[in-house]
There are 2 protein chains.
Amino acid sequence: MASLTTSVAQRRRAGRRPTIHDVAEAAGVSKSAVSLAIRNQRGVSEATREHILQVAQELGYRSNVWARSLVQGRTGLIGILLQDLGNSYHRDVTAGVEDAAVANDLRLVIGHGRRDAKRLQGELDSLLALGVEGVVIVSSWVPPQYLERIGRRVPLVVVGRLPHRVPGVDTVANRDEEGAKQAVEHLIGLGHTRIAHLTGSARPAAMHRRGAFSEVMRRTFPDVDPQVEGPEQLEAAIKYLVFQIQQEKGAPTAVFTQNDRVAADLVGACLDAGLNLPEQLSIVGYDNSSVCQMLRPQLTTVDQPRARMGELALEMLRERIAGRTDDKHITIAPKLVVRDSTAAPRG
Amino acid sequence: MASLTTSVAQRRRAGRRPTIHDVAEAAGVSKSAVSLAIRNQRGVSEATREHILQVAQELGYRSNVWARSLVQGRTGLIGILLQDLGNSYHRDVTAGVEDAAVANDLRLVIGHGRRDAKRLQGELDSLLALGVEGVVIVSSWVPPQYLERIGRRVPLVVVGRLPHRVPGVDTVANRDEEGAKQAVEHLIGLGHTRIAHLTGSARPAAMHRRGAFSEVMRRTFPDVDPQVEGPEQLEAAIKYLVFQIQQEKGAPTAVFTQNDRVAADLVGACLDAGLNLPEQLSIVGYDNSSVCQMLRPQLTTVDQPRARMGELALEMLRERIAGRTDDKHITIAPKLVVRDSTAAPRG
DNA sequence: AGATTGTTGTGGAACGTTCCACAACTGTTT
DNA sequence: AAACAGTTGTGGAACGTTCCACAACAATCT
């Protein structure tokens, strides 16, 4: 018991943050006047406002966010839940959200799942516990039923593809089918006919890319069965592809990969095997991440307007917070970026 | 006026978060009992605790962090201020801090400077406004005098090198001199004598690496003036280096770069110029970032125990929060990681 | 039986802020 | 002169929680 009272005493001692009372006392006005002054509201004269602000400055007063949000019933906090900060796609979306948040006087709190579904959910809980007014989720790993439950309590916008629509949850995504189509048609335009697809995921976005790949291939080359490798045993699939090419027996001359990460692995494996890129194999990635320009050859890829998607997500979240109740789903056109990893097939 | 009362009414209506009062009422006990139950404190019998918890669960009750921290005078929030999330070094340090924070029941709030000194300071202000109990700063871009001022109000630990020690601020850093020494001695051990240093920064860590490079070189080859390029006009410096090598006139046969990013640029330029790596040029980076294994040849680099540094930083921060007042500076040994970008010089 | 100790629970006072009704002025209009 | 309107300022009641002194009761010890 003694220790408890001591700790309170400690708190009250010297180092204590100055409160609105301290400022009021020092300035010789009421706490209400101080409150008005620091919030720049009318109700105090210009002269007293300046006086109060100066006193506040001298005391190093900084208003207590919790007390404020406690009485106002809002926190001005927005959460963003990320699957993987290491991925520049996620990072750029975040930057977009952040810029839009700052512009709207909202503070962004980052929750980071670190590629772990369990941790991701824990982080979402944390964000909610912090009292965020809405959450932008940049991940397709949160289970839909969980999403739906949370969505009933707090506005939610998902950036990316979900397995299916979830009532009460908005989404903004790029049209993966369109991006995949551009990639494959680029390869076809270069003269490739034996084109393979390499994927490392069975998540919705990946499946849409894969689906569009198959469709374009079937439509263009009706009598060829398009080769799709992965997502399981991706490493083995890459090895097998390289082996095929070395044998030259009707091997693919081009590969469209699910994303840049897979593309980078493929590039590495090809170079390790002594293949010449892009002469012996054309490669197209997806995401236009920062590695594209580090690799040699520089990677042809599909770019999504990531920052824009982030901005849109925050915009939709604000609408939700303001009271919109009908669901909204926005899709954005991706765009092929041609670099050095694609060329016409040999011969 | 009408609108104001309405807004309060709205807040009180249906969608309102259940409070401790609601749970108390529903469970037929006092709010104090609920408070004790949810915090797992003694003062309620096991039976009533279970009953209360079940009612709370049913109502979807979640305690309001703000109200709690308002009365407790502590928030359980720790801030981390990052210079650049894109850098895997920063990311890994963050992961270490995060793990340690979770283990100590603290919540981590990320502030992201996005490579902009002004934004960085703004983010630090934001963190303080949120009421964090301490901040881990992963950046050397915060001006020392600012650091000192903030450090008087809230515990601060810097991960990395500062221009000079700042009273009241702890640091944890890797011994850059030691890492640079290992890198250069590795190259010397391979038989290189003409070794250049390429740097893209004049910040403390970079300067220490550079200094150690020069010292080892001067000690080993007293009559050679060690070649240092950058940090200004880094791109031109890289071009010049490549040009030197193509001319073969006493050009460097190895380069120790300030970090992996610079090394990646150099590798790209060399490959674009048609050089063979590592035969014509050995390259050593610094940081062991994720690109190292994506590049071909895979990059020899210096690894810092990043996660460990993050853990240590949080540990020191907790000591500070608990009351330690004397400054503490920890340094950690880095370790060379040999990959494929270094080899004996030709001939 | 009375005193002591322990357990379980309660109600009210904080915490630092905003909101709101109202008070005290000072002008301006009827 | 009275009524009205506008400006400037005030004190008290919230907000949702924890803390704390204390009450009621049971069990144990003199």
Side-chain angles (χ1 to χ4, degrees), chain A residues 1-13 16-25 27-52 56 59 61-76 129-131, chain B residues 1-13 16-25 27-52 56 59 61-76 129-131:
Chain A
M1 197 177 295
S3 73
L4 284 173
T5 50
T6 325
S7 88
V8 170
Q10 279 177 344
R11 184 146 48 83
R12 313 232 59 187
R13 262 210 305 268
R16 176 172 137 269
R17 256 172 96 156
T19 74
I20 207 170
H21 286 100
D22 302 327
V23 179
E25 198 176 329
V29 294
S30 72
K31 59 181 174 43
S32 304
V34 177
S35 179
L36 293 172
I38 59 165
R39 281 179 299 148
N40 241 320
Q41 291 216 344
R42 44 196 312 262
V44 286
S45 66
E46 205 45 51
T48 47
R49 157 163 296 138
E50 267 177 34
H51 175 223
I52 290 172
L59 262 56
Y61 171 74
R62 184 171 254 148
S63 94
N64 182 322
V65 188
W66 300 300
R68 168 177 295 174
S69 49
L70 181 57
V71 49
Q72 287 187 331
R74 54 167 308 223
T75 59
L130 260 185
Chain B
M1 197 177 294
S3 73
L4 282 174
T5 49
T6 324
S7 90
V8 169
Q10 278 177 346
R11 185 146 47 83
R12 311 232 61 186
R13 261 210 306 270
R16 174 172 138 270
R17 254 172 98 156
T19 74
I20 205 170
H21 286 100
D22 302 326
V23 179
E25 200 176 329
V29 294
S30 73
K31 59 181 174 44
S32 305
V34 177
S35 179
L36 293 172
I38 58 164
R39 282 177 300 146
N40 240 320
Q41 290 215 346
R42 44 195 312 260
V44 286
S45 67
E46 205 44 50
T48 47
R49 154 163 299 136
E50 266 174 34
H51 175 223
I52 290 172
L59 262 56
Y61 170 74
R62 184 170 256 148
S63 94
N64 183 324
V65 188
W66 314 98
R68 169 177 294 177
S69 49
L70 181 58
V71 48
Q72 286 189 330
R74 55 166 307 223
T75 61
L130 259 186

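So that the names make sense, note that chain A is the first sequence line, chain B the second, and so on, each numbered from 1.
Taking atom CG of residue B:N40 and atom P of nucleotide C:dT8, one finds them 14 Å apart after rounding to whole Å. Spacing between atom CZ of B:R62 and atom P of D:dT17 amounts to 13 Å, rounded to whole angstrom units. Regarding A:H51, its NE2 atom lies at a distance of 17 Å from the P atom of D:dT8, rounded to whole Å. Straight-line distance from the CD atom of B:E50 to the P atom of C:dT8: 13 Å, rounded to whole Å. The nearest whole Å value for the distance from the CG atom in B:L70 to the C1' atom in C:dT17 is 8 Å. Put simply, CD1 on B:I20 is 8 Å from C1' on D:dT18, counting in whole angstrom units. Taking atom CG of A:N64 as the reference point, atom P of D:dG16 lies 16 Å away to the nearest angstrom. We find that CG of A:L59 is positioned 15 Å from C1' of C:dG16, with the value rounded to whole Å.
Atoms OG1 and CG, from B:T19 and B:N64 in turn, are 9.5 Å apart once rounded to the nearest 0.5 Å. A distance of 9.5 Å separates CD1 of A:I52 from CD1 of A:I38, quoted to the nearest 0.5 Å. To the nearest 0.5 Å, atoms NE2 (A:H21) and OG (A:S30) are separated by 10.0 Å. With rounding to the nearest 0.5 angstrom, the CG atom of A:L70 is 9.0 Å from the OG atom of B:S69. To the nearest 0.5 Å, atoms CG (A:N40) and CZ (A:R49) are separated by 5.0 Å.
Toward the 5′ end of DNA chain C lies the nearest nucleotide of B:L36, the other residue of the pair A:T19 and B:L36 mapping further downstream.
The phosphate of D:dT7 (OP1 or OP2) has a side-chain N or O of A:R42 nearer than 4.0 angstrom. Proximity of A:T48 to the phosphate of D:dG9: a side-chain N or O atom is located under 4.0 Å from OP1 or OP2. For the pair A:S35 and C:dT17, the criterion of a side-chain N or O lying under 4.0 Å from OP1 or OP2 is not met.
Closest to the side chain of B:Q72, from the set C:dT17, D:dC19, D:dG9, is D:dC19. For A:S45, whose side chain is taken as the heavy atoms from C-beta onward, the closest listed nucleotide among D:dT8, D:dT10, C:dT17 is D:dT8. Side-chain proximity of B:A33 to the nucleotides D:dT7, D:dT18, C:dT10 is greatest for C:dT10. Of the candidates C:dT17, D:dG9, D:dT18, the closest approach to any side-chain atom of B:R39 belongs to D:dT18.
Contacts of A:S69 with the nucleic acid, taken as non-hydrogen atoms under 4.0 Å apart, are absent.
Residue A:S30 places no side-chain atom within donor-acceptor reach of the base of D:dG11, judged by atom type and a 3.5 Å distance cut-off alone. Put simply, the side chain of B:S32 and the base of C:dG11 share a donor and an acceptor less than 3.5 Å apart. Side-chain to base pairing of A:K31 with D:dG12: one donor and one acceptor N or O lie within less than 3.5 Å of each other.
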